[in-house]
Every structure is written in C-alpha cells, then in structure tokens.
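In what follows, a single structure is set out as structure tokens and then discussed.
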Amino acid sequence: MIKKIIQICTILIFLAVAILPFLRQIGLVIPFDKEFVSLFDQRVVLIFTRTILIALGAATLAMVIGTLLAFLFEYTNLPFKNFFQTLSFLPLLIPPYIVTISWIQFSFPFSIYNPGTVIFILGLAFYPLVTFIVKMALRNISRNLEDSARILYPLKKVLRKITLPLVFPHILMAGFFVFVLSISEYGVPAFLRVNTLSAEIFFQFATFYNVESAIILSIPAIFLAILLILFYNFWVKKRCYITISTFLKKNKEGLKLQKKSLIFSLFFILAVLLFSIIIPLFVLFKESKLNFVGAFEIAGNSILNSLWLAVLGTTIITTFSFFLAYFFQKSKHMDILILLPIAIPASIVGISLILFWNTKTTQFLYGTFWMIIIGYFIRFAPFSTKTLSPFFNQIHSSVEESARIAGASFLQTLKKITIPLMKPGVIVAWFVGFILCLGELAATLLLSPPGFQTLPHRIENLMHYGAPETISSLSLILVFLILFPVGILLISKKSSKFLNNIYGNN
Amino acid sequence: MRKRLLKNSAEDCPPLSFMNTKLIIAIIVVVGIGILYFLSTPFLSTPKQPVEKLVVYTSRDQTYSEPILKKFEEETGIKVLAVYDTGAIKTVGIANKLIAEKNNPQADVFWNSETIRTIKLKNEGVLASYCSPSAQDIPDAFKDAECYWTGFGARARVIIYNTDLLTRENVPESIFDLTLPEWRGKVALGRPWLGTMSTHHAALFLTLGDEKAKEYFEALKANDIQILTGNSLVRDSVARGEYPVGIIDTSDAMEAFLRGLPVDIVYPDQKEDEIGALIIPNTISLIKNGPNPDNGKKFIDFMLSKRIEQELAYSRSSQIPLRDDVPAPEHVKRLYELKVMDIDLNAVAEKVEESDKYLLGLFGE
C-alpha cells in the first residue's frame, strides 16, 4: 500500500515538475511550419555533425582514461593511490571554460583553435565522472564471481573476462553522460572558436529572440540522446548483472604491477593529471596573485548561496531519483520519459519554467530560490537516476523478497536492506549531482530571483569585466570549498574500510 | 515473534557502525546546510516588514552597476533587488527573461547597456512609456519619441591596437582599411551577429546599402578576419599581442587602457567625407505593469541625472556623456569632438534581423 502510494507520488511529481513545462513548449512549436525545414540548412547540418563528433570523441576519451584509472585505483598496488585518487577528482571542480582560458594563455607552437582541442579539453574535464562511477561499481561487485574465476585463471584474465564486462554498463552510462554534457557545453568550443549546436541554439535566442527555433534546433539532439539510451537498454537488459547476493564485501586482492607496467601506469596517471589539473591549477595560482581576501569580499554571498543551494538541491534530487530508479528500473517506457529532459538545452529549460510558473497564483514560488532548485531538478535528475539504476541492477529481487517474507514492511525493507546495499550508488549519485548543480549557469541565470546570485553567475560577470586575479582566486576558492564534502566522502571511505575488515575477519 | 526475528537478524550482522557513519554524514550535511543558509540569509530573504523596494534588471556589468544601485539605495532608502546579465560567455540573457515574464512582470526597470535590444522589447510590448524630467536636455537622437526608452552615457565602436606592436601612425584610420592585404589575419572581431557588433553592422548595412555592405564583409572574410567570442576577448587578445588590431567598444577598450595594458584606441572614419564612428548609448526604461512603478520612475530620474552620467564617464568603462555640459576625464572624447555616424537607431533595430541572418550565414559555419 505504502509502496504504491510512494510510487504514484514519485511519478506524478516527476511528470508535473520536469515534463509538463517542456511539453507545453513543444506543443507550441507543433505543428512545424516551413521554418522547421529552412532552419536545417547545409551550415546547420555541418555544425550538428561536428557537435556530435566532438561529443563522441570527448566521451570516448573520458571513458578510456576514466576506466583505466578506476582499474588502477581499485586493483593495483599503485603507490600514493589515495593522493592520486583525490587529485584525479579535482578536474570536475574547475569549470571547463576556465581551463580553456588557461590553455589559451599558454603559448603553443601550434594553433589550438580546432575541434581536436575541444575534444581534448572536454575529455580531460569529464573523465573523473567515469572514474568515480566505475570505481564505485567495481567496489560493489561481489567477490564470489571473481574468486571462482581466480581458481582457474590469472587476475589479469579475470579482470578482462569477468570484471570489465560486469562494469561495462556503468562505463557506458558514464560515457553517455559525458556525451550529453559535451553537446550542451557552450564555453569551451566558443573560446576555441569552434561553432557548435549549443552556440547555434543560443544565437536563436540572443540574436533573433526566437524560442521556437531554438526548441526546434534542439530536438535532433534530444532524439539522439533517447536513441542512444534505447540502444543501451536493449543491449544491457538482455544480460544479467546481478552481482550482489549478500552483504559480503571483498578485500581487494591487489594486482602486483611489474616494474615496467608500474612505470607505464605512473607515467599515464601523471600525464593525465598534468594536463587535466596541474597545469590549469598552476595557471590559476599564477593569475590569481593570491588575491583571496579581495575575491571573497566581492563574491562571498554568491559562494555561500551556491554552496547551500547545491547541497539542498542535490539532496532533494538524489532522494527523488532513488525512488524513480527503484520503481522504474525495469520499465522501458518510463526510461524515455525520465531521460527526456537530459538533452534539453539549459536555456530552454529556463524559459519553459518561466513561462510555466510565472503566474499570479504561483507567484509565491516563482519569486524564490525554489525555481533554481526546480531547474536543477529537471536538468540533473536524469543523471542522478541513471547513475543509480545500474546499481539497482546489481541487486537481485530475491534479497528484498526474502525480507518481505520474513515479515518486514516495505519501509523496513527499504531501510534495512535496499538503502544499505545501495549506499555506494547513492554516494556516487549525490556527488555527480552536487558537481553538476554547483556549475549550473544558463538555467540559474534565467531563474534567479532578483537580488540573488550564484558563484558561476558572478564569475561570468567578472570575466566580461576582465579581472583575471579575481576570477582565478574565486575558482581556487571554489575548488577548496568543494573539498569539504570530499572530506566527508573520505570519512565514509575510511569507515567502509573498517567495515571490510570486520566482515573479512568473520 | 516476527519482530524478534527481525531484531535478531539485525544483531547478527552489525549494521550499527554503518548506521553511525550514515548518522554522522547526515548530521554534517544538515548542519552544513543550516550554517550556510543562516550565513546567507541576510543576503537573500526579503525583509519581513513592508520596505519600499525596486527590482532592476540590468545588462550593465555588475562591477559598474552595483555601486550605482547601492548609491540609489542609500539616498532613497528604497531596497534595490537586481538581476545581472552575464557578458563574457553569453547566456540567453535577461532580455529573453523580460519577454518570457511579460504576462506577470517581476521587474520595474530595465537598464540596458545598449539600445537595439531595448527597442526590440518596446516592440514586444514589454516596456511602458515614461518621460523623465531629467531627460529633457538629452539629444532627441538618443531617446524614444514616445519615451519608451531614454539613452544616456554612450560607447563608441572603435579600432583598438596594441601599442607594443604598432605606433599611432601605422594604425588604420578607417574600418574599411582593414580589408587591405597588410592586415590579413591580423584583425580580431567579436561574433559579428551578436551584441554591439550586430548593431554596428546593421548600421553599416543602412549607411552603405546592402550591396556595398555585403562586399565589405566578404572582403573582411577573404582577408582572414579572426572571429572571437565577444568584445572582451578581442580586448584581451589584442592586449596580449595575439593580434595587433581589433574592432571593439570604447567601454571594453578603456578598461584595458586604464589598467595600464599596452592598448590604445582610434576613432575610425573621422574625415570630412567619411561615415564617422557609431555611438551606442545605455538605455533605461520602465517595465509595463511592474510591481513598483513609482520607485521605478524615481530610479529612472536618478539614473538620467547629470551626476550619474558624469560618474559613468569617470568610471573605468569611460562612458561618453550625451550632454555636452557633463564633465568628463581627458581620455573620454566628447560628442562634439567626434564625427558621429548619422543613423536612426529605430531603423537599425528594424534592419538588425536581416543583417544578422546574413552575417551568421557568412561567418558562422
């Protein structure tokens, strides 16, 4: 009974908050007139193709780097592993366009203004998403499967034949995120003078004030995203990924790296870190002239605003996504609905929400920060839900069923069985959401109530004014502030290690 | 019995330590949110008792607009709530927000850093007419005949050059010189169909006629003109010496100049038979059916006063006063010292969509 009620509430809220405003907008542009055809001239088709290729390239790069790192961190005796892990997480915290600016200021002997650089920067900016998701997935695999294979084969072969296929859905999902994020990225290609779809959509707004054309231009990308997800579902659903059968956590059996592969691995990690975090951070430090106090005076409010808004928004999104993923992980039709918002450009999300909520009766909500949270929700709940659902796939329904047979109510089962099993997934989803919320700009700008500002918004303002010290200092402050929740993660990691020991001794 | 079974199984595997971790995380998160919320409350909550307030949407850089809004707040006691647009990486922007909010307006005043977008808003029915007493001595060319908007503190489209790479004599005196072979690949320009670039180019279409204007832009393209994202990037890359010259607004150029970077500007096409430099004023307008119209009018009167125009002239963005009797520093040229492009801003606003489409097709591949 309670289960049904929660299920119905979840779906109703999702439809009302996330889907309705956008459907109304779509409804306005259907029926398409001849404008529809004339928008997609040769130039736009070229730009569209270029955007897709860039996004595919960035996703591939991020998947390769991210997966390799995750395996190195989880299965090898790499020295300074914790240090490297923390560092490799940082690129997510620096907005990619700020990294781009630091690259532009670096003088190269060759021209960096080409799509290749865009792929390079985006891939290096987003690979931590892949690392993080895959790492948690690896940690969640029961050791039974690996152990039985180990009896017959060396670990390397087990990793290739057993472990990698098991986490492949997670890798693909993370790659899909990078793909979608790369399509909607505006700043990086703009600074590198590469025209992409997001810029084209922006021109329809900024130059021609044409919401309809902007929506029409974004429809192919939305379709493509949904198509990819359908392929993914078709491919994943035929297989069985149930890997958690008990509470048993494994002790990692380290792959001892030989001297040659150790040097190679270290070289690889250092190269990735050098390009993705060390050089950008170095440039930021140099540019900031350590003007932190001044920067805090200018943007203190917006830093605080950004932080609590992101924490609150992410917590709401993660909670909600948990139920969404829980109830609808096996429904293909729901998948399309859940993922519909993922590829809607942020500016269209913003405009649709204004048109939907800005009425006399909903004024109490419209003039407040809740609008920003709704914006976060629409943009990032799909990410959160899709991060969680591969983790749900790892749990066999028998686990819950036996709890129910033993007499536990739905809520008790949820509390004692499902949530504890899902803990790694929830942590991952929370952090993915937190980073995404913290960096959101385009929708936030349109939805901020008067007198309210978030940090990315403030940084953008300063960039136009041309205050490199303040911008760099603020970016650094942002990086350090985010280390606060990362600290919490480390605490929880320590405790899970502690748990592992207990279970291991038993 | 059932309960006991559950209890026992809970004791068998010790989820207690896990619960503790979860508890700690939950407490930290809740306390964290709480602290952050209370720290930021003074900046976000609307005051409990009915205080006079005013909502201003502005596309003017926050760095310049915020102190002026604060000043108005101090002088009148009216609480100003602002929404600032972003500039460097353009987002959709508040002009679109104003259009979307038309049916239930949230803003009282729109302070725009340029003119064409304001005229667009007038045509969309977003603005209300208000003839401010402070606006009487502002030249008619820079205000709406029906008082839907009024211009003040302007910027000009000029040529910026790097003083380390070029001396004054070598700098082109006309924007048409930039199609010459000697400037091949050396000229930086913001995306030609955006912002003030778009205004400038629509004005060129009107002044030169469609045919000649298209010839000019094709020649620029053939001469490998470098298209950057916007004015601020043109400023930064010329100051860095990446390109020797660029076409830019005075407001952006002067920021770099006053910061001591190696740049200077040339007002283009100043000779007798040439077209002159384009002047684009800031505009201010009242929003139709805004929540606090009286405070909005007070703010418009305040903004159009001579002392504010003077303050804008003395700020780093060096706005050119539209009134000849407003004092300005030496590096800010006065309108009477300049040959100003003779153009009707309303006509530019009409032309802009057509010229933007052309330019997007030409440069936006």
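Convention: sequence-line order gives letters A, B, ...; per-chain numbering from 1. Source: prediction; values computed, not measured.
- Glu365(B) and Asn195(A) get closest at one heavy-atom pair: O-ND2, 2.8 Å.
- The distance from atom OG1 of Thr207(A) to atom CZ of Arg191(B), rounded to the nearest 0.5 Å, is 9.5 Å.
- Heavy-atom pairs under 4.5 Å with chain B were tallied for Gln42(A), Arg193(A), Lys360(A); the largest tally goes to Arg193(A).
- The CG atom of Asn103(B) sits 8.0 Å away from atom CG of Leu355(A), with the distance rounded to the nearest 0.5 Å.
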ask   = How far apart are the C-alpha atoms of Phe202(A) and Leu194(B), what are their side-chain angles, what is the distance that settles it, and do they pass the side chain to side chain contact (heavy atoms under 4.5 Å, CB included) test?
value = CA-CA 10 Å; Phe202(A) 160 66; Leu194(B) 290 181; 3.9 Å; yes
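- With a threshold of 4.5 angstrom between heavy atoms, Asp252(B) approaches chain A through side-chain atoms but not through N, CA, C or O.
- In this structure, the portions of Glu353(B) lying under 4.5 Å from any heavy atom of chain A include both its backbone and its side chain.
- Residue Ala199(A) touches chain B through its side chain alone, counting heavy-atom pairs closer than 4.5 Å.
- Using a 4.5 Å cut-off between heavy atoms, Ile99(B) contacts chain A through its side chain alone, with no backbone atom that close.
- Ala100(B) and Ile351(A) get closest at one heavy-atom pair: CB-CD1, 4.2 Å.
- With chain A as the partner, the residue from Ser198(B), Ser251(B), Gly364(B) showing the most heavy-atom pairs under 4.5 Å is Gly364(B).
- The part of Glu66(B) that comes within reach of chain A is its side chain, from C-beta onward, which places non-hydrogen atoms under 4.5 angstrom from that chain.
- One finds the CD atom of Gln62(B) at 4.0 Å from the CD atom of Gln453(A) (value rounded to the nearest 0.5 Å).
- Contact between Ile354(A) and Glu101(B) at its shortest, heavy atoms only, is CG2-CG, 3.6 Å.
- The residue among Glu124(B), Glu242(B), Lys120(B), Arg240(B) with the most heavy atom pairs within less than 4.5 Å of chain A is Lys120(B).
- Crowding of Glu469(A) atom CD: a count of heavy atoms from other residues, nucleotides or ligands under 6.0 Å exceeding 12.
- Scanning all heavy atoms of the two residues, the minimum distance from Val83(B) to Ser448(A) falls at CG2-O, 4.4 Å.
- Between Asn96(B) and Tyr209(A), the closest heavy-atom pair is OD1-CD2, 3.7 Å.
- Distance CG/Leu192(A) to CG/Leu228(B): 11.5 Å, rounded to 0.5 Å.
- Of the listed residues (Leu312(A), Leu46(A), Thr359(A)), the greatest number of heavy-atom pairs within a distance under 4.5 Å of chain B belongs to Thr359(A).
- With a 4.5 Å cut-off on non-hydrogen atoms, Ile116(B) does not touch chain A at all.
- Heavy-atom minimum distance, Leu445(A) versus Tyr84(B): CD1-O, 3.5 Å.
- Trp357(A) places none of its side-chain heavy atoms less than 4.5 Å from the side chain of Asn104(B).
- In this structure, NZ in Lys357(B) is found 14.5 Å from CZ in Phe203(A), a value given to the nearest 0.5 Å.
- For chain B, the nearby part of Leu447(A) is the backbone; its heavy atoms alone come within less than 4.5 Å.
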